[in-house]
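Below is one structure, written out as structure tokens, with a few remarks after it.
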Amino acid sequence: MSIDLTTEIKEILLEAIRKSKREGRLPLQDIPELLLVPPKNKVHGDLSTNIALQLSRQFKGKNPLEIAQIILDNLEIEDTMINKVDLVSPGFINLWVKEDWLYQNLREILKKGEEFGKLNIGKGKRIQVEFVSVNPTGPLHVGHGKCAAVGDALSNILKIAGYKVEKEYYINDQGRQMDLLGGSVQARYNQLLGESWNFPEDGYKGEYIKDIAQEIISEYQDKYQGKKDEETREFFKEIALQKILKGIEEDLKEFGVEFDVWFSERSLYQENKLQEAIELLKERDFLYQKDGALWVKTTAFGDEKDRVIVRENGMPTYFASDIIYHQNKYQRGFNQVIDIWGADHHGYIKRMKAAMQALGYPEDFLEVLIVQFVTLIKDGKEVGMSTRGGEFITLHDLVQEVGKDVARYFFLMRSYDSHTEFDLNVAKSQSMENPVYYIQYAYARICSIIKNAKTLNLPITDLEKVNLNLLDKEEEFELIKKLSLLKETIKSAAINWKPHLLTNYLYDLASLFHKYYTVYRIITDDLELTKARLLLIECVGLVLSNTLKILGISAPERM
RNA sequence: GCGCCUGUAGCUCAAUAGGAUAGAGCAACGGACUUCUAAUCCGUAGGUUGGGGGUUCGAUUCCCUUCGGGCGCGCCA
């Protein structure tokens with residue numbers, strides 16, 4: 001097991017700090033997490049830390065420069081990867097790294113291959129990510145696609161960061177909306193068979209309802225024509241649910257998203273879990289009766305008002321389902337669950353988090369991530385997305401139109417909490433405007449060069465026999481530094497739950513490669529140089545494909 | 001009215017956990033193909049980070065206030 005090189009340098013700095021503490025020159029309580037990052041400006045070195053500035057908080061009045069100087073006094077850089085150290089006002093410690101450190105990164109990447117990027121910051125902690133969870137009453141639209149992309153990518157990021165992750169879809173398969181769905185399909189079925197049949201008020205009017213009715217006709221002919229009994233209603237409800245769920249599952253699969261668990265709301269009520277939750281809440285004194293209904297005292301945990309869990313008529317509310325659903329999650333042993341919701345549900349967060357605390361779970365057991373809306377732009381104009389309007393665009397349509405890779409990238413390229421403006425014209429263009437192709441093209445170029453090298457019988461990735469010192473150009477150093485940053489980027493994406501850090505990283509890396517490619521040839525008359533450069537681009541290719549894989553975007557070998 | 005998200009270049013957005021001279025792409029203008037794929041590269045121009053206060057060595061980032069945009073405030077789901 002080789003040591004993480006950035007960690008190694010951090011350790012050297014920390015040792016200097018600990019030594020200063022032992023000597024009494026820095027009477028510290030605790031040492032904050034040491035951040036070691038490449039500065040924006042090259043004159044500030046290869047890596048930089050603000051630790052002295054951080055530490056100066058602990059003892060006011062002490063000049064950060066003095067603190068930095070004390071650390072430097074105790075810093076042993078002989079026989080390390082650090083080449084030079086500098087101290088700059090107001091207290092930054094800047095480090096220059098030996099070239100050998102950079103080369104060592106390449107060795108590590110090559111050795112680990114597809115494993116490069118894996119971390120262990122999760123330490124096996126179990127996290128559940130629940131996302132999409134759309135009511136099974138119609139097809140997924142593009143907004144759900146954004147949630148799906150974010151949830152799936154975040155799950156992959158957490159996995160590679162060392163968490164045990166489960167992806168779950170919650171199916172709201174009971175209640176009024178299911179009755180309406182069944183009723184709507186039943187009405188269309190009968191109408192298609194020539195019956196005069198009233199369409200339910202507030203029913204689902206989309207074309208897909210007619211499609212389902214048509215399917216039922218081909219499968220069952222007129223078997224249920226004109227029937228109005230309970231059994232028939234159940235039949236329509238059930239078959240509509242199954243068909244729509246199947247469609248949702250297919251659309252997601254086509255989008256590259258697969259769930260570990262499809263969890264049915266109905267199943268919650270088969271074990272009388274509601275009673276269990278109510279008992280617990282009562283015991284903990286967060287439950288009371290008022291106006292004939294049962295209320296949860298969510299205001300005790302910051303909610304604006306208390307919420308009804310069982311209605312006056314004895315029926316549990318949707319909130320009740322969600323409480324026992326999350327109780328179930330807790331009982332399944334997750335250390336933390338992340339719910340990903342659309343922006344229209346944000347008002348629900350407080351009461352859910354309050355309910356969790358009322359049940360006695362840790363405050364951060366449930367975290368909710370709110371994904372902002374998507375606006376589709378076509379020919380410079382906004383495309384309406386209401387279900388009622390005719391211009392409904394489904395996720396399926398979008399994937400057909402622009403492809404899975406482009407759709408996923410566009411949803412992930414911006415922070416999920418900013419509104420996505422999805423320009424269909426840009427997404428469809430196979431030009432430099434489209435960042436997906438820009439990145440994939442970098443990978444395809446690398447594959448193409450390696451293929452050429454093979455036809456020329458050039459030896460590839462013979463690590464021991466390559467003289468990496470020949471990689472001495474500025475562009476090469478920049479590339480290697482970027483490669484070595486992958487793990488830090490994944491770490492940051494995992495801790496902050498920000499998949500878009502990886503799309504940005506990919507773009508930067510691709511950009512550095514394209515620049516390098518333009519200035520230098522990989523395959524030259526100089527065999528030794530060629531070998532070294534081939535090794536470098538192989539590493540770039542590996543990192544590109546590893547990162548694309550995390551985001552669920554394919555890495556084509558030729559374009 | 002209250003709550004959540006948001007406001008950065010003409011447009012779409014970054015800015016890593018409060019760090020150093022706020023960066024990319026597009027659009028505009030000017031260049032580079034006898035080349036391992038030009039789906040590429042180089043250059044020019046573009047800013048009072050909506051406004052105003054505060055916190056500190058330092059604020060696009062945190063707090064208060066104000067203005068604009070989006071969304072939500074059911075014994076609906």
Side-chain angles (χ1 to χ4, degrees), chain A residues 32-33 35 37-41 43-44 48 50 53-54 56-57 60 63-65 88-92 94 135 137 172 174-178 265 290-295 304-305 307-313 315-319 321-322 342-350 370-373 375 377 380 413-415 417-421 423 426 429-438 440-442 444-446 448-453 456 485 488-489 491-493 495-496 498 500-501 504-505 507-508 510-511 513-519 521-524 530 533-534 537 558-559:
Chain A
E33 161 123 38
L35 288 177
V37 292
K40 287 178 201 154
N41 193 329
V43 305
H44 295 128
S48 175
N50 63 350
L53 292 153
Q54 296 292 342
S56 75
R57 303 236 147 168
K60 296 214 168 177
N63 189 328
L65 274 172
V88 184
S89 180
F92 292 102
N94 296 332
N135 289 344
T137 54
N172 298 109
Q174 65 170 27
R176 199 176 106 84
Q177 84 224 337
M178 280 296 105
E265 179 185 4
K290 195 182 89 182
D291 304 330
L294 260 187
W295 298 70
E304 292 113 55
K305 51 174 289 196
R307 311 287 173 174
V308 170
I309 183 170
V310 179
R311 284 184 275 248
E312 202 177 349
N313 65 8
M315 293 292 289
T317 59
Y318 183 80
F319 185 45
S321 287
D322 257 346
D344 50 342
H345 289 93
H346 70 256
Y348 211 69
I349 299 175
K350 267 188 187 165
I370 291 298
V371 173
Q372 292 298 325
F373 290 138
T375 310
I377 307 285
M413 70 198 273
R414 308 300 186 201
S415 177
D417 58 11
S418 77
H419 298 220
T420 296
E421 200 151 290
D423 192 321
V426 173
S429 74
Q430 300 201 352
S431 70
M432 54 184 139
E433 279 181 68
N434 194 325
V436 189
Y437 296 131
Y438 182 86
Q440 290 181 326
Y441 185 51
R445 266 185 159 171
I446 289 167
S448 172
I449 296 168
I450 289 172
K451 205 173 130 203
N452 282 338
L456 294 168
L485 221 61
E488 286 292 318
T489 310
K491 181 178 176 185
S492 188
I495 289 173
N496 300 303
K498 286 184 176 173
H500 81 278
L501 295 180
N504 288 349
Y505 174 83
Y507 192 90
D508 291 346
S511 175
F513 170 75
H514 283 311
K515 281 171 192 169
Y516 177 55
Y517 174 93
T518 310
V519 182
R521 287 190 64 85
I522 311 301
I523 298 172
T524 65
T530 300
R533 288 185 174 171
L534 279 171
I537 67 161
R558 48 183 306 183
M559 291 173 73

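The shown structure was predicted, so the numbers you read here are calculated from the model rather than taken from an experiment. To find a chain, count down the sequence lines: A is the first, B the second, and so on, and within it residues start at 1.
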Side-chain N or O of [X] closer than 4.0 Å to phosphate OP1/OP2 of [N]:
X        : N     : result
A:Tyr348 : B:C71 : no
A:His514 : B:A39 : no
A:Arg445 : B:A38 : yes
A:Lys451 : B:C36 : no
A:Lys498 : B:A15 : no
A:Ser418 : B:A14 : yes
A:Lys40  : B:A20 : yes

Considering only the [atom1] atoms, how many Å lie between [N] and [M], rounded to the nearest integer?
N     : M     : atom1 : answer
B:A39 : B:C33 : P     : 15 Å
B:U12 : B:U21 : C1'   : 25 Å
B:G74 : B:G68 : P     : 25 Å
B:U48 : B:C4  : C1'   : 29 Å

Just call it for [X]: base, sugar-phosphate, or nothing, with non-hydrogen atoms closer than 4.0 Å on any strand.
X        : answer
A:Ile522 : base
A:Asn172 : nothing
A:Arg307 : nothing
A:Asp291 : base
A:Ser492 : sugar-phosphate
A:Asn94  : base
A:Ser415 : sugar-phosphate
A:Ala293 : base
A:Pro90  : base
A:Pro38  : base
A:Leu294 : nothing
A:His44  : base
A:Asn50  : base
A:Gln372 : sugar-phosphate

Tell me: [atom1] of [X] to [atom2] of [N], nearest whole Å?
X        : N     : atom1 : atom2 : answer
A:Glu421 : B:G10 : CD    : C1'   : 14 Å
A:Asn504 : B:A15 : CG    : P     : 6 Å
A:Asp423 : B:C26 : CG    : C1'   : 10 Å

If you check the [X] side chain, which of [options] turns out closest?
X        : options             : value
A:Asp417 : B:C5, B:U16, B:C71  : B:C5
A:His346 : B:C75, B:G3, B:G70  : B:G3
A:Arg414 : B:U16, B:C75, B:U12 : B:U12

Heavy-atom nearest nucleotide on RNA chain B for A:Lys350 versus A:Phe92: which residue maps closer to 5'?
A:Lys350

B:A77 base to A:Thr317 side chain: any donor-acceptor pair below 3.5 Å?
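By the distance-only test, no, there is no pair.
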
So which nucleotide does [N] pair with, by the Watson-Crick or G-U wobble rule with both distances under 3.5 Å?
N     : answer
B:C26 : B:G10
B:G1  : B:C73
B:C41 : B:G31
B:G58 : none

So which protein N/O to nucleotides 30-35 of chain B N/O distances come out below 3.5 Å?
none

A:His514: ring pair (Phe, Tyr, Trp, His ring centres under 6.0 Å) partners, not counting sequence neighbours
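Ring pair (Phe, Tyr, Trp, His ring centres under 6.0 Å) check on A:His514 returns A:Tyr438, A:Tyr441.
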
Ring pair (Phe, Tyr, Trp, His ring centres under 6.0 Å) with A:Phe319: which residues, sequence neighbours excluded?
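For A:Phe319 there are no ring pair (Phe, Tyr, Trp, His ring centres under 6.0 Å) partners, ignoring immediate neighbours.
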
Under a 3.5 Å threshold, yes or no: a donor from one side chain and an acceptor from the other, between A:Ser418 and A:Gln372?
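The criterion, which ignores hydrogens and geometry beyond distance, is not satisfied for A:Gln372 and A:Ser418.
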
Centre of A:Tyr517's six-membered ring, under 6.0 Å away, within 45 degrees of the axis: is that where NZ or CZ of A:Arg445 sits?
yes

